[in-house]
Q: 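What follows is a structure written as structure tokens; I'll ask about it next.
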Protein chains: 2
Amino acid sequence: MAEQTEVRRTPLSRERVLRAAVALADEAGIDSLSMRNLAQDLGVVPMALYKHVANKDELVAGMIDVVIDEIDPPVADVDWKHAVRERILSARRVLQRHPWVSLAIESQQAPTPAILAYLDSMVGTFRGGGFSVDLAHHVMHAMGSRTLGFSQELFDAARNAGRTGATSPEPPAALPAQFADRFPNLAEIAVVASHDDASVVGRGCDDQFEFEFALDLLLDGIERLHQQGWTSTG
Amino acid sequence: MAEQTEVRRTPLSRERVLRAAVALADEAGIDSLSMRNLAQDLGVVPMALYKHVANKDELVAGMIDVVIDEIDPPVADVDWKHAVRERILSARRVLQRHPWVSLAIESQQAPTPAILAYLDSMVGTFRGGGFSVDLAHHVMHAMGSRTLGFSQELFDAARNAGRTGATSPEPPAALPAQFADRFPNLAEIAVVASHDDASVVGRGCDDQFEFEFALDLLLDGIERLHQQGWTSTG
DNA sequence: TGACACCAGCGTACGCCGTACACCTTGGAG
DNA sequence: CTCCAAGGTGTACGGCGTACGCTGGTGTCA
């Protein structure tokens with residue numbers, strides 16, 4: 001009636017919703033991220049958001065992917081060690097810009113596509129540096145929480161991705177083709193791992209082994225520093 | 001009236017509340033831990049719990065402490081490396097029994113007393129093995145998320161513990177005496193760290209340095225494995 | 001031009017949550 | 001016998017995620 005002149009606001013979109021959600025979480029903390037607050041920031045009623053995200057979990061998953069995509073791509077033409085180092089430092093910078101992300105990632109039950117892509121690319125860097133599938137696998141576990149704070153449950157998640165019904169105790173060998181397509185390095189690891197420890201049925205890898213592998217890697221490194229009489233100047 | 005014969009149920013206590021809460025989280029998941037569900041498990045009305053815990057955050061803190069206390073004490077009379085290794089594996093076993101704990105710890109804003117005690121004792125093991133305060137400090141950071149999934153923000157928390165009012169920009173040098181009493185090894189680290197990097201005012205330590213220290217420790221260890229042509233048999 | 005389908009956004013409502021506050025009951029101390 | 005403190009109760013409030021049905025504006029096609 002009165003105000004046709006009111007500026008027609010730019011319509012919502014998944015993109016806009018996710019960006020606003022990230023901004024809200026950055027500024028006010030993840031605890032302040034509610035569908036209601038987010039809707040208010042967007043000048044919209046809460047239920048309007050559900051036309052663009054399925055529910056809050058899926059919203060958070062989308063936010064995570066937005067953030068993970070900020071991580072620099074791997075630098076080319078350098079040895080694996082520098083490539084990995086720079087990439088992880090880039091990831092760290094991103095996570096410092098968005099302090100809520102680590103916890104959000106760990107709270108999710110399955111890694112998001114962007115995270116899988118990031119991990120896959122990281123494995124690719126190791127493989128490109130001449131690492132065997134096995135070593136690349138263990139090394140990824142060892143760096144897990146250091147690099148992003150997850151990846152412990154990676155292959156559980158890979159199995160979940162393949163399960164449509166509820167009660168299908170099929171062998172874990174068959175990863176969905178789509179997965180292998182998008183994340184070839186992860187798929188390779190999954191295949192090898194599930195092949196050579198048939199002892200643990202339905203598990204991609206032996207968590208206890210991975211844990212001790214990483215632990216001993218650290219302890220051995222620490223011991224070496226200690227024996228060399230480490231001081232902060234060198 | 002009718003039923004005086006009803007068995008007088010054992011009264012609530014902080015102990016009983018915490019134990020029931022841990023049991024509930026273990027069985028039904030941390031998401032199912034609500035004051036209402038917990039009260040129901042205890043055959044009591046929700047508000048009754050508040051006579052024994054201040055609020056839900058404090059309940060969770062108490063739960064964490066209950067669990068952390070399950071970690072075995074350090075084995076005596078062995079070198080630092082074996083002592084640390086066994087202790088961490090014990091911690092891992094505990095965390096596997098209570099899968100919700102890692103996330104709960106990371107969600108808290110300050111480490112609980114039991115966690116501080118655990119960390120302090122771990123530092124003590126390193127110091128007893130001849131580590132300098134500095135090296136022990138860095139090494140604790142390096143093992144942080146691997147051992148329990150926290151400790152990144154440890155000294156932030158230590159500073160928080162000393163702040164009673166809101167706006168007291170006093171120098172960080174003065175840790176509360178109580179803290180130094182209970183956690184002498186942590187206090188020692190805090191003092192040394194805040195002494196020699198006066199560049200960063202009010203920070204116990206340089207996060208970026210700690211991160212890169214840990215990262216390089218891992219990368220160097222990985223490189224060594226790679227160069228030795230690592231295979232899973234050794 | 002008119003009819004119509006579609007769909008983004010709206011409004012209402014439900015069942016959870018944490019917890020403030022006032023009340024009642026009970027057992028022990030004086 | 002009285003009184004009090006402490007523990008358990010009941011009610012109520014504001015916030016949460018979201019199911020469900022409605023509306024109004026737009027694009028399509030006859």
Side-chain angles (χ1 to χ4, degrees), chain A residues 1-22 24-25 27-64 100 103-104 107-110 112, chain B residues 1-25 27-64 100 103-104 107-110:
Chain A
M1 314 219 175
E3 297 293 348
Q4 185 72 324
T5 68
E6 191 183 335
V7 174
R8 175 126 326 320
R9 60 166 180 254
T10 60
L12 245 45
S13 71
R14 184 176 166 87
E15 183 76 8
R16 240 165 64 78
V17 169
L18 293 182
R19 291 197 178 287
V22 168
L24 177 54
E27 286 157 26
I30 194 70
D31 287 346
S32 302
L33 178 76
S34 69
M35 300 304 271
R36 287 166 152 92
N37 284 345
L38 177 55
Q40 188 167 349
D41 277 16
L42 287 162
V44 117
V45 96
M47 287 311 292
L49 303 173
Y50 287 86
K51 288 278 154 50
H52 303 276
V53 298
N55 52 51
K56 193 178 179 183
D57 271 8
E58 207 251 347
L59 168 74
V60 173
M63 295 167 63
I64 291 173
W100 48 271
L103 224 117
S107 307
Q108 296 258 317
Q109 75 289 33
T112 64
Chain B
M1 315 220 177
E3 297 292 350
Q4 186 72 323
T5 69
E6 189 184 336
V7 174
R8 175 113 347 306
R9 58 165 182 255
T10 60
L12 246 44
S13 70
R14 184 177 165 88
E15 183 76 7
R16 239 165 65 78
V17 169
L18 293 182
R19 291 198 178 287
V22 168
L24 177 55
E27 286 157 26
I30 193 71
D31 287 346
S32 301
L33 178 75
S34 68
M35 299 304 271
R36 287 168 153 92
N37 284 345
L38 177 54
Q40 187 168 349
D41 278 16
L42 287 163
V44 115
V45 96
M47 287 311 293
L49 303 174
Y50 286 87
K51 289 279 155 51
H52 303 276
V53 297
N55 51 51
K56 194 179 178 183
D57 271 8
E58 206 252 346
L59 168 74
V60 173
M63 293 167 64
I64 291 173
W100 48 272
L103 224 116
S107 306
Q108 295 259 319
Q109 74 289 31

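Remember, predicted model here, so these are calculated numbers, not experimental data. By convention in this document, chain letters (A, B, ...) are assigned in the order of the sequence lines, proteins followed by strands, and residues within each chain are numbered from 1.
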Q: For the pair made of CZ in Arg14(A) and C1' in dG9(C), what is the distance, rounded to whole Å?
A: 18 Å

Q: For the pair made of CG in Leu42(B) and C1' in dG8(D), what is the distance, rounded to whole Å?
A: 13 Å

Q: Among dG17(D), dT18(D), dG9(C), which nucleotide has an atom closest to any side-chain atom of Ser34(A)?
A: dG17(D)

Q: Side chain of Val44(A) only, heavy atoms from C-beta on: which candidate in dG8(D), dC10(C), dT18(D) is closest?
A: dC10(C)

Q: Choosing from dG7(D), dT19(C), dC16(D), which nucleotide comes nearest the side chain of Met47(B)?
A: dT19(C)

Q: Any side-chain heavy-atom pair from Leu49(B) and Leu38(B) closer than 4.5 angstrom?
A: yes

Q: Between atom CZ of Arg14(A) and atom CG of Leu59(A), what is the distance when rounded to the nearest 0.5 Å?
A: 8.0 Å

Q: Is any side-chain nitrogen or oxygen of His52(B) closer than 4.0 Å to OP1 or OP2 of dA6(D)?
A: no

Q: For Asn55(B) and Lys51(B), find the nucleotide of DNA chain C closest to each by heavy atoms; which residue's nucleotide sits nearer the 5' end?
A: Asn55(B)

Q: The side chain of Val45(A) is closest to which nucleotide in this list: dT19(C), dG8(D), dC10(C)?
A: dC10(C)

Q: Rounded to the nearest Å, what distance is computed from the CE atom of residue Met35(A) to the P atom of nucleotide dG9(C)?
A: 13 Å

Q: Quick test of your reading: applying salt bridge (Lys or Arg N to Asp or Glu O under 4.0 Å), list the pairs with at least one residue in residues 32-55 of chain B, sequence neighbours left out, ordered by first then second residue.
A: none

Q: Taking only residues two or more places apart in sequence, or in another chain, which ones meet Arg19(B) in a salt bridge (charged side-chain N to carboxylate O under 4.0 Å, His left out)?
A: Glu15(B)

Q: Quick one: Leu49(A) CG to dG11(C) C1', roughly how many Å, whole number?
A: 15 Å

Q: When you measure only distances, ignoring hydrogens and angles, does the side chain of Arg36(A) come within 3.5 Å of the base of dG15(D) through a donor and an acceptor?
A: no

Q: Would you call Val53(A) and Met35(A) a side-chain contact if the rule is heavy atoms closer than 4.5 Å?
A: yes

Q: Roughly, in whole Å, what's the span from CG in Asn37(A) to C1' in dC16(D)?
A: 10 Å

Q: With sugar-phosphate meaning primed atoms plus P, OP1 and OP2, does Lys56(B) contact a base, only sugar-phosphate, or nothing at under 4.0 Å between heavy atoms?
A: sugar-phosphate

Q: Please report, rounded to the nearest Å, how far the C1' atom of dG15(D) is from the CG atom of Leu38(A).
A: 16 Å

Q: Whole angstrom is fine here: how far is it from CG in Leu33(B) over to C1' in dG18(C)?
A: 12 Å

Q: Whole angstrom is fine here: how far is it from CD in Gln40(A) over to P in dC16(D)?
A: 10 Å

Q: Quick one: which of dA8(C), dT19(C), dT18(D) gets closest to the side chain of Tyr50(B)?
A: dT19(C)

